[in-house]
Amino acid sequence: MSDPTSPSTSTSTSSTGPEAVASPSGAADSRLDRWLAMLDLPVLRDDKPRVGVSACLLGRLVRYNGEAKRHGTVADVLPRWLQFTEYCPEVAIGLPVPRPPVDIIATETGQQIRNRDGLVADITDALHACADDVCQQNARTDKTPPPDGMILKARSPSCGPGNTPLLNTNGQQIGITHGGFAARLKTHCPDMPMVHEEQLVRAVDIEVFVLRVFLYREQRRWGNDGKNVAWCRDMRARIMTLPSTDIRARLLQQLEKQVTKK
């Protein structure tokens with residue numbers, strides 16, 4: 001199995017390594033299944049962690065040009081362990097499909113998300129309100145709890161988590177930033193696992209993301225009392241039984257991020 005380190009925009013799962021993640025037979029004997037079992041994090045059909053996903057990555061025709069960016073690993077492999085709630089913030093705030101593209105533009109008053117030609121007004125506040133609705137449980141009419149993780153479209157002015165081009169008023173790139181929706185999610189849920197699809201290339205990165213989502217969900221369920229302290233102590237010990245130093249470090253980082261908030 002190849003282990004490429006450079007980002008890939010391919011939607012095929014065959015070259016990105018999911019064979020190591022999900023066994024072809026569908027039996028619970030993949031490496032990821034074994035690691036979840038070692039951490040005592042069972043995969044239950046009716047109780048999988050809930051992850052928000054950019055709708056275009058699931059093949060929905062919601063992008064500004066009326067197209068999709070279906071990602072095979074996200075759409076076909078990860079539902080074995082995760083349940084998805086799909087989001088397209090730009091459609092959710094009322095923009096049509098297709099629509100004029102928007103960019104993130106640095107202005108004297110701060111970043112604005114708008115069309116450089118004036119065809120779409122600044123939608124920054126609307127995208128923030130959309131993210132508010134996702135993460136603030138009490139504000140939601142259906143009382144659905146916030147997601148346990150997010151998989152967002154890379155470089156999107158609404159969804160891009162930390163790799164969206166930041167332009168000046170002349171249209172020249174001067175840096176990178178978070179998309180408006182992603183930035184607001186980070187404000188509400190700073191410890192929630194959040195990736196873009198180009199970070200799900202190597203099998204180990206797919207596995208670590210799923211493990212982080214399970215950890216995040218389980219730790220939230222334990223709450224803030226003494227039982228959580230005991231659970232964290234036991235989970236640290238289980239994490240130390242995993243075979244890879246890198247994986248242990250990444251999972252302990254996720255665990256400690258949440259512990260320090262309590």
Side-chain angles (χ1 to χ4, degrees), residues 5-11 16 49-58 60 62-64 68-71 73-75 77-78 82 84-93 101-106 110-113 123-136 146-167 173-202 204-217 220 250-251 253-254 257-258 261:
T5 57
S6 59
S8 169
T9 57
S10 170
T11 59
T16 60
R50 190 171 69 87
V51 171
V53 181
S54 291
C56 61
L57 297 177
L58 298 176
R60 308 295 182 253
V62 293
R63 284 171 56 81
Y64 73 94
K69 281 285 186 178
R70 190 179 189 278
H71 192 277
T73 298
V74 174
V77 177
L78 291 182
L82 308 171
F84 288 159
T85 300
E86 57 189 70
Y87 299 100
C88 179
E90 293 179 25
V91 171
I93 65 173
V102 295
D103 295 293
I104 305 182
I105 300 172
Q111 295 181 8
Q112 295 182 356
I113 304 173
I123 59 172
T124 306
D125 289 344
L127 290 174
H128 287 175
C130 184
D132 292 344
D133 186 57
V134 170
C135 278
Q136 292 180 331
D148 303 304
M150 298 292 295
I151 304 173
L152 299 173
K153 180 70 191 77
R155 295 184 296 279
S156 162
S158 54
C159 289
N163 66 345
T164 299
L166 176 65
L167 310 182
Q173 183 172 344
I174 57 174
I176 58 173
T177 188
H178 291 291
F181 179 73
R184 193 69 159 198
L185 292 176
K186 281 280 189 182
T187 299
H188 286 300
C189 307
D191 304 325
M192 179 175 64
M194 181 186 299
V195 298
H196 56 75
E197 79 280 10
E198 293 175 4
Q199 293 174 302
L200 299 176
V201 175
R202 301 184 306 160
V204 67
D205 294 327
I206 300 167
E207 292 160 338
V208 168
F209 174 72
V210 173
L211 291 170
R212 289 178 59 212
V213 167
F214 270 82
L215 279 179
Y216 180 77
R217 193 270 298 266
R220 285 200 305 171
R250 291 161 74 178
L251 296 184
Q253 182 182 38
Q254 176 69 49
K257 283 169 61 177
Q258 291 176 252
K261 300 289 182 181

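Keep in mind it's a predicted model, so treat the numbers as computed, not measured.
- The shortest non-hydrogen separation linking E90 to P157 is OE2-CG, 4.0 Å.
- Once rounded to the nearest 0.5 Å, the distance linking CG of L211 with CD of Q254 reads 10.5 Å.
- Here Q112 contributes atom CD and L167 contributes atom CG; the two are 12.5 Å apart, rounded to the nearest 0.5 Å.
- Remark: L58 CG to C88 SG distance equals 11.5 Å, nearest 0.5 Å.
- Put simply, OG1 on T164 and CD on Q173 are 10.0 Å apart, with the number rounded to the nearest 0.5 Å.
- With E197 as the partner, the salt bridge (Lys or Arg N to Asp or Glu O under 4.0 Å) test is satisfied by one option alone out of R155, K69, R70, K153: K153.
- At distances below 3.5 Å, not a single donor-acceptor pair connects side-chain atoms of D148 with backbone N or O atoms of V51.
- Atoms CE and CD1, from M194 and I151 in turn, are 11.5 Å apart once rounded to the nearest 0.5 Å.
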Are T124 and Q111 close enough, and set up right, to give a side-chain contact (heavy atoms from CB on, under 4.5 Å), and what steps lead you there?
CA-CA 8 Å; T124 306; Q111 295 181 8; over 6 Å; no
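- I113 places a side-chain heavy atom less than 4.5 Å from the side chain of I104.
- Contact record, G160 with A182: O-CB, 3.6 Å, taken as the closest heavy-atom pair.
- Contact check for H188 versus P146: no side-chain heavy atoms found under the 4.5 Å cut-off.
- Counting heavy atoms from C-beta on, the side chains of V134 and R184 never come closer than 4.5 Å.
- Atom CZ of F181 is separated from atom OG of S158 by 8.0 Å, given to the nearest 0.5 angstrom.
- Screening C56, S54, P101 against R63 for a side-chain contact (heavy atoms from CB on, under 4.5 Å) leaves a single residue, C56.
- Put simply, the side chain of L78 reaches to within 4.5 Å of the side chain of L200, judged on heavy atoms.
- A salt bridge links D205 to R250: one of the charged nitrogens lies within less than 4.0 Å of a carboxylate oxygen.
- For H178 against P161, the heavy-atom pair with the smallest separation is ND1-C, 3.4 Å.
- Looking at every heavy atom in both residues, P49 comes nearest to F214 through CD-CZ, 3.5 Å.
- Side-chain contact between F84 and L57 is absent, with no heavy-atom pair separated by less than 4.5 Å.
- Contact of the H128 side chain with the T187 side chain is not registered, since no non-hydrogen atoms from C-beta on lie closer than 4.5 Å.
- R212 is listed as a side-chain neighbour of L251, based on a closest heavy-atom distance under 4.5 Å.
- Between V204 and E207, some side-chain heavy-atom pair lies under the 4.5 Å cut-off.
- Closest approach of I206 to V201, counting heavy atoms only: CD1-O, 4.4 Å.
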**Item:** Stepwise side-chain contact (heavy atoms from CB on, under 4.5 Å) check, Q199 with F209
**Value:** CA-CA 9 Å; Q199 293 174 302; F209 174 72; over 6 Å; no
